[in-house]
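All chains are named by letter (A, B, ...) in the order of the sequence lines, taking the proteins before the strands, and each is independently numbered beginning at 1. What you are looking at is a predicted structure, and each value in this text was computed from that prediction instead of being measured.
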Amino acid sequence: MSDQDDAKSYKATLNLPETEFPMRGDLVKREPARLEGWESSDLYEKIIAKRKAADAPCYVLHDGPPFANGDVHMGTALNKVLKDLVMKSKSMAGYECPYIPGWDCHGLPIEFKVVKESKGLEPAEIRRRSEAFAREYIDIQRKSFRRLGVLGDWENPYLTLAPEYEADIIRVFATLVEKGLVYQSKKPVQWSYGAQTALAEAEVEYEDVKDIAIYVKFPLVTGDHAGDASMVIWTTTPWTLPANLGIAVHPRFTYLKGEFTHAEKGLTERFIIVKELVETFGAKTGFLPSGELEEIKGETLAGAEAQHPFLDRTSKVILAEFVTTETGTGAVHIAPGHGSDDYLAGQQNDLGLLSPVDDLGNYTDEVGVPELIGQHVHESNIPIIKILAGKEALVGKEKYLHSYPHCWRSKTPIIFRSVPQFFIRIDELRETALGEIDRVDWLPHWGRNRIHGTVESRPDWCISRQRTWGVPLPVFYMPGEELPDINADLARKVADLTESGGTNLWFEHDDAWWAEKLGLPEGTRRCTDTLDVWIDSGSSHVAVMDRHPELSCPADLYLEATDQHRGWFQSSLMLSVAVRDAAPYKTVMTHGFVVDQDKKKISKSAAQKAGKPVDAAYFYNKYGADILRLWVSSVDWQNEVPFGEDLFKQTAEPYRRFRNTLRILLANLHDFDAAKDAVGPDEMTLVDRWIMERLNEVIAECEAAYEAFEFRKVFNTLNQFCAVDLSAFYVDITKDRMYCDAPDSVRRRATQTTMHVVFESLVKLIAPILAFTADEAWEYAGHDTSIHLETFPEPREAFNGSAATEAIEQLTRLRDLAQVAIDAAVKSEAFKKRERAAVQFALPADDPARPVLANSGEEALEFLMVSKFMVEDATGEAGASVMVTDEEECPRCRRSLSVSATTGLCDRCDDVMSSS
RNA sequence: CCUACCGUAGCUCAAGAGUAGAGUGUUCGACUGAUAAUCGAGAGGUUGAGGGUGCGAAUCCUUCCGGUAGGACCA
């Protein structure tokens with residue numbers, strides 16, 4: 001027999017690892033099949049039922065409804081997977097975790113698309129098409145969320161378009177009315193002429209634009225300075241000048257009056273300009289002071305009237321604290337119909353109100369200048385500047401770069417415009433809301449300041465929209481009345497009528513039908529507005545949490561992206577404070593946006609142009625949902641989340657590590673039956689006890705990290721454990737006994753017992769993240785129910801100490817010491833394998849490794865993976881030298897130990913062979 | 001302009017007063033009994049910059065620079 005044949009024949013006598021669990025994930029193929037299994041066996045319901053049976057406490061994460069348009073992109077996927085990580089980990093921590101997903105269905109974005117496709121539709125038809133559109137995307141998104149392994153009640157999600165949900169929205173409105181929080185008023189709102197509706201603060205996005213700012217002269221005609229000087233205002237919106245009714249100055253600022261000369265034009269004028277800005281004014285307009293300047297206190301100017309530059313009326317000088325000396329002239333153009341500060345100032349000073357602009361943004365007759373009527377305001381800046389120039393009222397102009405609000409849908413600039421709108425009085429709610437904010441846990445902590453800031457300063461909430469695809473504003477105008485009857489009882493009746501039929505009734509029937517149904521006099525008209533969609537989603541704590549028996553309010557957790565501080569968190573808070581005087585949540589967690597690798601915002605269109613996929617489907621179809629889930633777990637959700645395919649791929653490698661670690665454990669357990677073969681802690685060897693101690697730490701760390709939603713820490717801890725402790729050490733060191741010991745030797749069984757515990761613990765700890773892979777491994781381990789029904793492992797008390805860990809630390813020290821010498825020897829070709837090394841350690845007398853070596857001779861040898869070692873006394877530092885061993889290599893186990901002269905095998909292998 | 005958070009190896013991130021560590025990538029090597037796997041080694045960091053307090057600072061304080069987000073201004 002040749003040596004080679006020897007080796008071959010002995011291979012058959014080994015217990016090599018064996019498993020059907022595939023090394024390659026093939027996730028794209030396997031996950032859908034597993035998913036089908038989960039759904040056909042009602043896994044979600046089973047988990048809930050199991051926790052219920054165990055009388056588990058509830059943990060409620062209330063799902064924020066994504067908008068039902070568009071595919072699921074990485075940002076949405078991040079949000080849903082984070083939620084699922086929370087739910088799966090809470091469930092494994094022993095809670096009952098009902099998860100009712102929802103969708104936000106009404107609103108401008110959908111109506112916009114529908115209307116764009118075909119114009120001139122009846123409202124009822126717009127609504128039919130909008131609903132079809134929403135439902136189509138709900139299905140698309142639901143499919144994606146399920147594919148990502150997110151478990152929940154997908155067959156019964158909440159939809160804000162559901163009749164019973166709509167009815168609850170109207171009931172919330174009725175409650176607001178009852179509490180006297182709703183009023184109608186004509187004051188300036190942010191108006192999108194592109195979408196022809198008022199907008200809420202959260203529907204506005206800012207863009208940098210270049211405008212022309214102008215300086216305009218208003219000659220004083222009454223007061224101390226009548227005929228003697230002109231006020232000069234500065235504005236970036238010349239189109240608001242026709243609505244000018246006042247000029248505001250700061251009461252405590254000092255203004256200078258005197259002669260200003262424009263040298264080039266040869267013009268001399270008498271102006272009143274705030275002291276601090278005279279220089280800037282000169283630089284921008286060319287008008288420099290050319291004589292003595294008289295100081296005037298702002299407050300003394302009040303009440304004077306100035307001539308409007310091109311209209312036959314005067315503009316009153318008023319006082320206002322908001323005037324600054326940053327830009328302009330210290331005199332602020334006031335158009336009460338076109339700005340909120342302006343509006344308030346106008347109210348306080350009885351200026352009246354002008355808003356000569358229609359829904360489309362065109363001037364109405366009221367504008368007072370014939371050639372402007374019908375002109376669009378944003379095409380009127382130049383004509384107005386020309387008019388001003390013609391009247392010699394234009395003092396100067398400059399280009400001005402600033403951020404200007406735009407409609408989030410139509411992308412057109414927003415104008416402030418006054419039309420009758422409905423509002424919620426925020427002042428009545430503010431104090432309670434602010435108090436509640438401090439009772440809520442905000443994660444990360446600075447979320448508290450963010451929402452506190454917005455609630456503190458937000459103006460009254462404009463809740464009416466001049467749109468069709470939404471819940472109608474349930475308000476009526478009695479015959480002959482200008483003002484609406486805002487009536488809670490009527491609203492409740494509307495709610496009851498729509499409970500089954502839905503609010504389509506509002507659009508399908510006419511005023512007469514409704515008047516009759518509600519017992520109102522003939523000639524009653526309905527309000528044609530719809531409610532702001534933030535009322536829809538903000539009412540979910542009533543329409544969902546109060547309605548579902550398994551949920552309850554306040555929820556334990558709301559979890560959305562940071563933009564919801566202004567959006568859903570706030571609308572929910574306000575409505576909840578109005579309805580129940582308390583916040584609807586105990587904890588609010590926010591995550592950052594998914595941004596491009598170079599930290600630029602991912603807009604879908606820009607990413608597509610650059611050929612960078614951002615659709616979740618692209619990634620789960622190419623890499624698998626578990627890779628995506630692992631990526632989510634590895635990410636720092638508190639800040640912006642940089643994303644790109646390269647970054648994404650980095651998590652594929654750790655995935656393989658997890659998978660292979662589970663696989664080798666499984667493979668080493670192929671002939672192990674815990675019920676029959678497990679041994680007690682006393683039988684375990686040093687490395688077994690060490691890995692059990694490590695496992696206890698890992699369990700504690702992971703469970704604490706899950707508790708704190710620090711998934712990345714779970715990821716790091718487990719990755720480290722698999723890569724370093726298991727793969728590089730434990731599995732490597734125990735190979736010899738696993739493969740070469742007699743199958744049921746105590747030593748081998750002890751290690752199998754350990755591996756069994758490690759496997760079961762590891763697979764459970766990773767299950768919330770690798771939802772599919774963990775379940776697959778669990779199945780291969782012989783379980784016929786899902787891993788997701790399990791709970792997290794408990795640390796084992798027997799291994800709570802650190803005795804084994806301390807011993808292993810010493811051995812690791814020696815191993816590192818030996819490694820250096822071995823590497824040198826291998827390099828100089830003294831021998832090739834570390835197993836051929838004989839190591840001579842030189843240790844000081846008090847070296848802590850000495851007792852370890854003395855107490856665990858054979859195990860130390862195994863751990864060091866060398867042929868033999870000796871210890872000699874060292875005077876200085878510990879060291880190691882190495883030479884080739886004089887032992888023969890056992891052909892069966894390939895270790896270099898003393899071998900039998902007759903069989904050529906080492907003692908252990910000899911025993912195994914002769915007894916088999 | 002104000003406020004908050006952040007800035008550590010090519011990349012993604014750990015350590016939160018006591019010799020800067022992982023993963024990934026990269027280079028080299030071993031094994032062929034975890035094999036489209038596994039093991040070992042190397043290279044790679046004056047921890048954004050400067051100053052301060054400590055015996056000692058990535059860590060605490062301060063100024064600046066850069067990034068991001070809110071807010072202010074504007075509307």
Side-chain angles (χ1 to χ4, degrees), chain A residues 7-8 10-12 14-19 21 23-24 188 190 204 206 208-209 211 213 234-237 240 322 324 326-328 335 338-342 400-406 413-416 444-451 453-454 456-457 562-563 565-566 590 592-593 595 597-601 631 634-636 638-642 644 646-654 656-657 659-668 712-713 715-717 719-720 722-724 727-729 731-732 735-736 738-740 819-820 822-824 826-827 832-835 865 892-894:
Chain A
K8 250 190 191 152
Y10 284 121
K11 182 167 178 177
L14 303 175
N15 314 296
L16 292 179
E18 204 182 303
T19 178
F21 184 69
M23 178 150 81
R24 299 202 38 176
Q190 312 204 63
V204 167
Y206 289 77
D208 280 343
V209 293
D211 268 332
W234 176 89
T235 180
T236 58
T237 52
T240 59
F322 59 76
T324 68
E326 271 167 32
T327 50
H338 293 303
S340 56
D341 277 347
D342 302 44
Y400 189 70
L401 186 74
H402 62 152
S403 62
Y404 192 89
H406 287 68
I414 273 163
I415 57 176
F416 266 85
H445 64 92
W446 44 259
R448 181 259 171 206
N449 284 347
R450 190 173 284 191
I451 192 163
T454 56
E456 204 167 27
S457 62
T562 52
D563 57 340
H565 282 123
R566 295 208 313 177
T590 52
F593 286 112
V595 295
Q597 274 177 43
D598 48 14
K599 303 243 169 173
K600 281 182 194 142
K601 251 197 193 125
W631 171 75
S634 76
V635 128
D636 178 18
Q638 296 208 7
N639 294 301
E640 291 202 307
V641 179
D646 294 345
L647 288 181
F648 188 83
K649 275 197 245 172
Q650 283 194 10
T651 50
E653 206 48 48
R656 271 178 220 131
R657 169 130 267 150
R659 191 174 177 94
N660 272 313
T661 306
L662 292 174
R663 182 167 178 270
I664 187 64
L665 292 174
L666 220 40
N668 274 332
R712 136 177 271 162
K713 196 166 182 189
F715 171 85
N716 277 330
T717 302
N719 192 27
Q720 201 101 328
C722 287
V724 180
S727 195
F729 277 86
V731 173
D732 211 33
K735 264 179 195 169
D736 174 68
M738 291 307 301
Y739 303 171
C740 306
Q819 187 69 47
V820 178
I822 290 169
D823 281 336
V826 168
K827 211 163 207 176
K832 284 178 84 178
K833 297 159 67 174
R834 70 173 296 136
E835 286 80 0
M865 292 209 279
R892 182 168 176 274
C893 68
R894 295 173 181 170

Fill in the blank from the handout: From CD of A:Q638 across to P of B:C5 the rounded distance in Å is 11 Å
Handout entry: A:R663: partners by side-chain contact (heavy atoms from CB on, under 4.5 Å), with sequence neighbours left out
Key = A:T19, A:F21, A:M23, A:N660
Handout entry: For A:S634, side-chain contact (heavy atoms from CB on, under 4.5 Å) partners two or more places apart
Key = A:W631, A:T651, A:F715
Report, one pair per line, the protein and nucleotides 36-39 of chain B atoms (nitrogen or oxygen only) whose separation is under 3.5 Å.
unit_1, atom_1, unit_2, atom_2, d
B:A36, N1, A:R24, NH1, 2.4
B:A36, N3, A:R24, NH1, 2.9
B:A37, O3', A:N660, ND2, 3.2
B:U38, O3', A:S727, OG, 3.2
B:C39, OP1, A:R657, NH2, 3.4
B:C39, OP1, A:S727, OG, 2.6
B:C39, OP2, A:R657, NH2, 3.2

Completion exercise
Hits for salt bridge (charged side-chain N to carboxylate O under 4.0 Å, His left out) against A:R656, two or more places apart or cross-chain, chain-then-number order -> A:E653
Check nucleotides 8-11 of chain B against the protein and report each pair of N or O atoms closer than 3.5 Å, with its distance, or say if there are none.
unit_1, atom_1, unit_2, atom_2, d
B:C11, O2', A:Q650, NE2, 3.3
B:C11, O2, A:Q650, NE2, 3.4

Handout entry: Under the side-chain contact (heavy atoms from CB on, under 4.5 Å) test, residues paired with A:E835 that sit two or more places apart
Key = A:K833
Completion exercise
Annotated structure of RNA chain B as dot-bracket, pair cut-off 3.5 Å, Watson-Crick or G-U only, | for inter-strand, is (((((((..((((....[..)))).(((((.......))))).....(((((..]....))))))))))))....
Problem - Set of residues satisfying side-chain hydrogen bond (donor to acceptor under 3.5 Å, both in side chains) with respect to A:D636, sequence neighbours excluded - result: A:N639
Exercise for the section: Only counting residues at least two apart or in another chain, list the ones meeting side-chain hydrogen bond (donor to acceptor under 3.5 Å, both in side chains) with A:D736. Expected result: A:R895, A:R908
Exercise for the section: For A:D823, enumerate each residue passing the side-chain contact (heavy atoms from CB on, under 4.5 Å) test, keeping only those at least two apart in sequence or located in another chain. Expected result: A:Q819
Practice task
Return the set of residues passing salt bridge (charged side-chain N to carboxylate O under 4.0 Å, His left out) with A:D732 (not counting sequence neighbours), or none when no residue passes.
Solution key: A:K735
Handout entry: N/O (side chain, A:K832) to phosphate O (OP1/OP2, B:C31) under 4.0 Å
Key = yes
Problem - Where the chi angle of B:G54 falls, syn if within 90° of 0 and anti if not - result: syn
Practice task
Can you tell me, in whole Å, how much space there is between the P of B:G10 and that of B:U46?
Solution key: 8 Å
Handout entry: Integer-rounded Å distance: B:G40 P and A:K833 NZ
Key = 16 Å
Practice task
Using salt bridge (charged side-chain N to carboxylate O under 4.0 Å, His left out) as the criterion, list what pairs up with A:R450, not counting sequence neighbours.
Solution key: none
